[in-house]
Amino acid sequence: MSYAEFYRRSIETPEAFWAEQAELIDWKTPPSQILDTTRAPFVNWFAGGTTNLCHNAVDRHLAARGDQPALIAVSTETGTERSYSFKELHAEVQRVAASLMELGVGKGDRVLIYMPMIPEAAFTMLACARLGAIHCVVFGGFASASLASRIEDATPKVVVSADAGSRGGKVIAYKPLLDEAIRLSTHKPDAVLLFDRGLAPMDLSKGRDHLAAPLVEKHRDAQVPCTWMDATDISYTIYTSGTTGRPKGVQRDTGGYAVALAASMKHIFDGRAGETYFSTSDIGWVVGHSYIVYGPLIAGMATLMYEGLPTQGLDRQPDGGIWWRLVEKYKVTVMFSAPTAVRVLKKQDPALLKKYDLSSLRALFLAGEPLDEPTARWISEGLGVPIIDNYWQTESGWPILTVANGVETTRSKFGSPGVPMYGYKVKILHESTGEELTAPNEKGVVVIEGPTPPGFMQTVWRDDERFVNTYWKTVPGKLVYSTFDWGIRDEDGYYYILGRTDDVINVAGHRLGTREIEESISGHAKVAEVAVVGVADALKGQVAMAFVVPKDGAVLGDAQAALALEGEVMKQVADQLGALARPARVHFVGALPKTRSGKLLRRAIQAVCEGRDPGDLTTIEDPGALQQIRQTLSPRG
Ligand code: AMP
């Protein structure tokens with residue numbers, strides 16, 4: 001079938017289309033109603049059906065491939081490499097599930113996971129799914145304030161963590177960050193389960209903290225059956241940045257998600273049972289949920305989990321070929337990474353790409369940020385396999401725009417993630433009139449018309465109103481989901497993403513809210529006002545840049561005082577939010593450009609930083625403020 005026909009069916013007869021896709025997973029009870037839109041924009045997929053994500057990812061494969069690898073964990077930080085068969089994974093998951101049960105976890109309870117990329121993190125996610133507990137994974141690179149706001153919102157019964165993460169050989173102790181986060185949060189978990197990797201000492205809080213090893217050992221032979229979940233029951237929440245400082249808990253269902261992932265593994269990633277899938281992302285991001293843990297396992301593939309830099313070997317010596325070495329060793333067929341990682345690799349010796357036998361590899365998928373043409377060309381020529389850009393969001397759970405080579409081999413165009421995936425009615429609307437832009441190459445906001453397909457977020461955790469108001473009410477008179485991305489569609493129907501319409505920035509493929517960073521900086525005693533913008537960066541895509549009005553104006557004329565305060569501000573952000581959010585520079589100015597009504601003109605600041613025309617400035621209160629920013633950025637500034 002042509003992709004055009006496949007897509008048309010998904011849009012014109014969604015119930016028949018998705019009923020067919022639903023056969024890709026195991027159901028305890030098959031669904032009685034495929035699609036229910038009576039509460040639009042809320043959608044129920046596969047109502048009446050019962051299933052379990054862990055069953056589909058693990059148990060289901062025991063009979064046919066129990067002894068085949070399911071999870072391969074490689075850490076170039078600790079120099080370890082381990083492979084678990086589906087049978088072994090089944091046993092590990094049940095041990096953790098039994099341990100969580102002993103700590104009181106049951107269906108619907110939240111378990112917050114703050115862990116590095118170790119296999120135990122995947123066991124814990126799968127154990128939660130097995131029990132019907134809602135996991136909420138927080139990226140291990142986030143620090144105490146970020147973690148605290150998530151604990152507050154998720155109200156977990158149990159937090160699962162580890163002594164430390166490690167990056168480039170530098171150990172990052174998690175336990176003190178977690179203790180501080182729990183102290184900051186008004187919600188206190190009943191228990192904390194801690195995996196000890198022997199990297200950093202841990203102070204245990206009596207009665208609350210439990211070491212995982214003895215508990216897991218106690219439940220060595222545990223048999224924990226899967227809890228059958230309604231298709232519409234919540235599987236997990238994952239926090240993402242938006243335009244306010246408060247992160248949003250993106251909530252996902254169970255049945256729709258399982259079907260969406262199974263379908264994407266077949267139609268988009270073209271991954272087959274028995275093969276190896278390698279995603280270089282982290283379990284703290286949506287890619288890690290969908291395409292490190294659940295997607296590949298549901299498809300019966302082995303998933304390769306990687307902890308470490310792309311440029312470090314197992315002997316912990318520099319090795320820019322480590323990923324290719326792993327592709328060769330594990331005969332990886334499908335690989336998933338981010339443009340930033342490729343830009344890092346581009347600085348390595350190109351011979352490294354030719355040194356290994358990469359003949360198993362069929363495609364490299366890249367997502368998370370715009371893929372620039374030189375990067376795409378470089379890696380495409382180096383690997384000699386298709387490079388498949390795919391555009392999606394934490395909210396969607398799986399690609400919105402790409403090409404579905406599992407349905408029909410389709411030409412990719414450099415610079416474009418591709419065409420709308422089955423189930424997605426993607427449109428481009430005029431930003432203020434809401435009118436649909438149908439002519440080629442007209443720039444507007446990329447939106448999705450409901451009903452959103454299976455796998456798409458159900459709502460914002462505990463906040464239906466925020467879900468509707470934030471995402472569905474941005475275009476006057478129309479109930480459409482806004483992606484908050486600018487885009488165009490060319491004459492062949494290929495889309496191009498041109499950046500965010502809101503104050504979200506994308507640093508090395510990771511989404512950050514400038515408001516969160518501003519809140520952290522304005523908490524500094526010496527800061528009067530602050531604006532944070534994202535500025536184009538050759539390696540990371542974007543970096544955060546802060547403009548601060550200091551309380552003490554003397555800082556402006558004192559280079560040494562400014563340097564010291566810059567260091568303090570950077571440290572505060574790193575300590576509170578994590579190193580990822582630390583601004584690349586903090587510049588000090590006497591005033592910030594604002595409108596007469598007091599709104600910060602972030603976009604004008606950003607334009608000045610990138611050497612672009614700041615556009616219409618008729619509403620600006622004090623044009624001198626923008627001029628000051630220009631001066632601070634000049635080489636003499
Ligand atoms: P996240 O929710 O962290 O996955 O971030 C989603 C955002 O990342 C999108 O709204 C886009 O702004 C950006 N993004 C993700 N994938 C792509 C891509 N392939 N091309 C361009 N931008 C992308």
Side-chain angles (χ1 to χ4, degrees), residues 137-139 141-142 146 236-243 247-252 264 268-269 279-292 336-343 363-373 375-376 379 387-403 412-421 424 426 428 443 445-448 455-457 460 470-471 474 481-489 494-514 516 534 536 540-542 578 580-581:
V137 184
V138 177
F139 175 56
F142 282 137
S146 308
Y236 69 77
T237 63
I238 178 169
Y239 287 88
T240 193
S241 303
T243 34
K248 291 187 289 265
V250 167
Q251 177 183 313
R252 233 181 281 294
S264 69
I268 300 174
F269 296 98
S279 162
T280 68
S281 183
D282 187 287
I283 50 145
W285 309 114
V286 69
V287 178
H289 286 61
S290 294
Y291 300 112
I292 291 177
F336 191 136
S337 193
T340 298
V342 178
R343 288 194 289 263
L364 170 66
F365 291 81
L366 296 175
E369 56 182 313
L371 173 61
D372 55 285
E373 193 168 332
T375 302
I379 191 70
I387 304 302
I388 302 179
D389 189 355
N390 55 118
Y391 160 86
W392 46 299
Q393 309 181 305
T394 308
E395 288 84 347
S396 70
W398 60 283
I400 299 169
L401 299 171
T402 184
V403 290
S412 289
K413 287 193 190 186
F414 282 130
S416 162
V419 298
M421 282 301 96
Y424 285 106
V426 184
I428 293 192
K443 181 179 166 182
V445 182
V446 180
V447 303
I448 300 167
F456 205 87
M457 76 186 290
V460 171
T470 307
Y471 292 107
T474 58
Y481 171 90
S482 175
T483 63
F484 296 100
D485 279 304
W486 296 111
I488 55 169
R489 183 182 47 237
Y494 283 70
Y495 284 71
Y496 294 77
I497 299 296
L498 308 171
R500 298 278 305 192
T501 64
D502 59 6
D503 295 323
V504 164
I505 62 171
N506 195 319
V507 179
H510 303 315
R511 175 163 156 188
L512 293 169
T514 49
E516 287 166 78
K540 296 182 176 174
Q542 275 185 312
L580 189 64

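Atoms within a ligand are numbered from 1 in the order they appear, just like the ligands themselves.
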>> Assess the residue pair Glu516 and Lys248 against the criterion (salt bridge (charged side-chain N to carboxylate O under 4.0 Å, His left out)); give the C-alpha distance rounded to whole Å, side-chain angles, the decisive distance to 0.1 Å, and a yes or no.
In response: CA-CA 12 Å; Glu516 287 166 78; Lys248 291 187 289 265; over 6 Å; no
> Taking it one step at a time, do Asp372 and Arg343 satisfy salt bridge (charged side-chain N to carboxylate O under 4.0 Å, His left out)?
Replying inline: CA-CA 10 Å; Asp372 55 285; Arg343 288 194 289 263; 2.8 Å; yes
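Of all the listed residues (Leu512, Thr394, Ile497, Val504), Thr394 holds the heavy atom that lies closest to atom 1 (P) of ligand 1. Nearest-heavy-atom check against atom 21 (C) of ligand 1 across Pro370, Gly418, Ala367 picks out Pro370.
Within the 4.0 Å heavy-atom criterion, the part of Arg500 lying near ligand 1 is the side chain and not the backbone.
For an aromatic pair to be called close, the ring centres must be under 6.0 Å apart, and Tyr481 with Phe456 satisfies this.
Tyr496 has its side chain out of reach of Arg489: every pair of non-hydrogen atoms, C-beta onward, lies at least 4.5 Å apart.
Contact between Leu371 and ligand 1 is absent, with no heavy atom of the residue lying under 4.0 Å from the ligand.
Against a heavy-atom cut-off of under 4.0 Å, Asn506 is close to the following atoms of ligand 1: 8 (O), 13 (C). Numbered from 1 in the order shown, with element, the atoms of ligand 1 that lie under 4.0 Å from a heavy atom of Trp392 read 6 (C), 9 (C), 15 (C), 16 (N). Atoms of ligand 1 lying under 4.0 Å from any heavy atom of Asn390, numbered from 1 in the order shown and given with element: 16 (N), 18 (C), 19 (N). Residue-ligand proximity, Asp485 to ligand 1, at heavy-atom distances under 4.0 Å covers atoms 9 (C), 10 (O), 11 (C), 12 (O). For ligand 1, the atoms sitting less than 4.0 Å from at least one non-hydrogen atom of Gly368 are 8 (O), 13 (C), 14 (N), 15 (C), 16 (N), 17 (C), 23 (C), numbered in the order shown with element in parentheses. Listed by atom number, the atoms of ligand 1 under 4.0 Å from Asp389 heavy atoms are 18 (C), 19 (N).
Here the straight-line distance linking atom CD1 of Ile268 with atom CH2 of Trp392 works out to 9.5 Å at 0.5 Å rounding.
For ligand 1, none of its N or O atoms has an N or O atom of Pro417 under 3.5 Å away.
Atom 20 (N) of ligand 1 has as its closest protein heavy atom Glu369 O, 3.4 Å. Ranking protein heavy atoms by distance to atom 5 (O) of ligand 1, first place goes to Arg511 CD, 3.5 Å.
Between the side chains of Arg511 and Thr240, at least one donor N or O lies within less than 3.5 Å of an accepting N or O.
Tyr424 and Trp398 have tilted rings, their planes meeting at an angle from 30° to 60° on a 0 to 90° scale. Below 30°, between 30° and 60°, or above 60°: for Phe365 and Phe269 the angle between ring planes is between 30° and 60°, a tilted geometry. Using cut-offs of 30° and 60° for the angle between ring planes, the Phe142 and Trp285 rings count as perpendicular.
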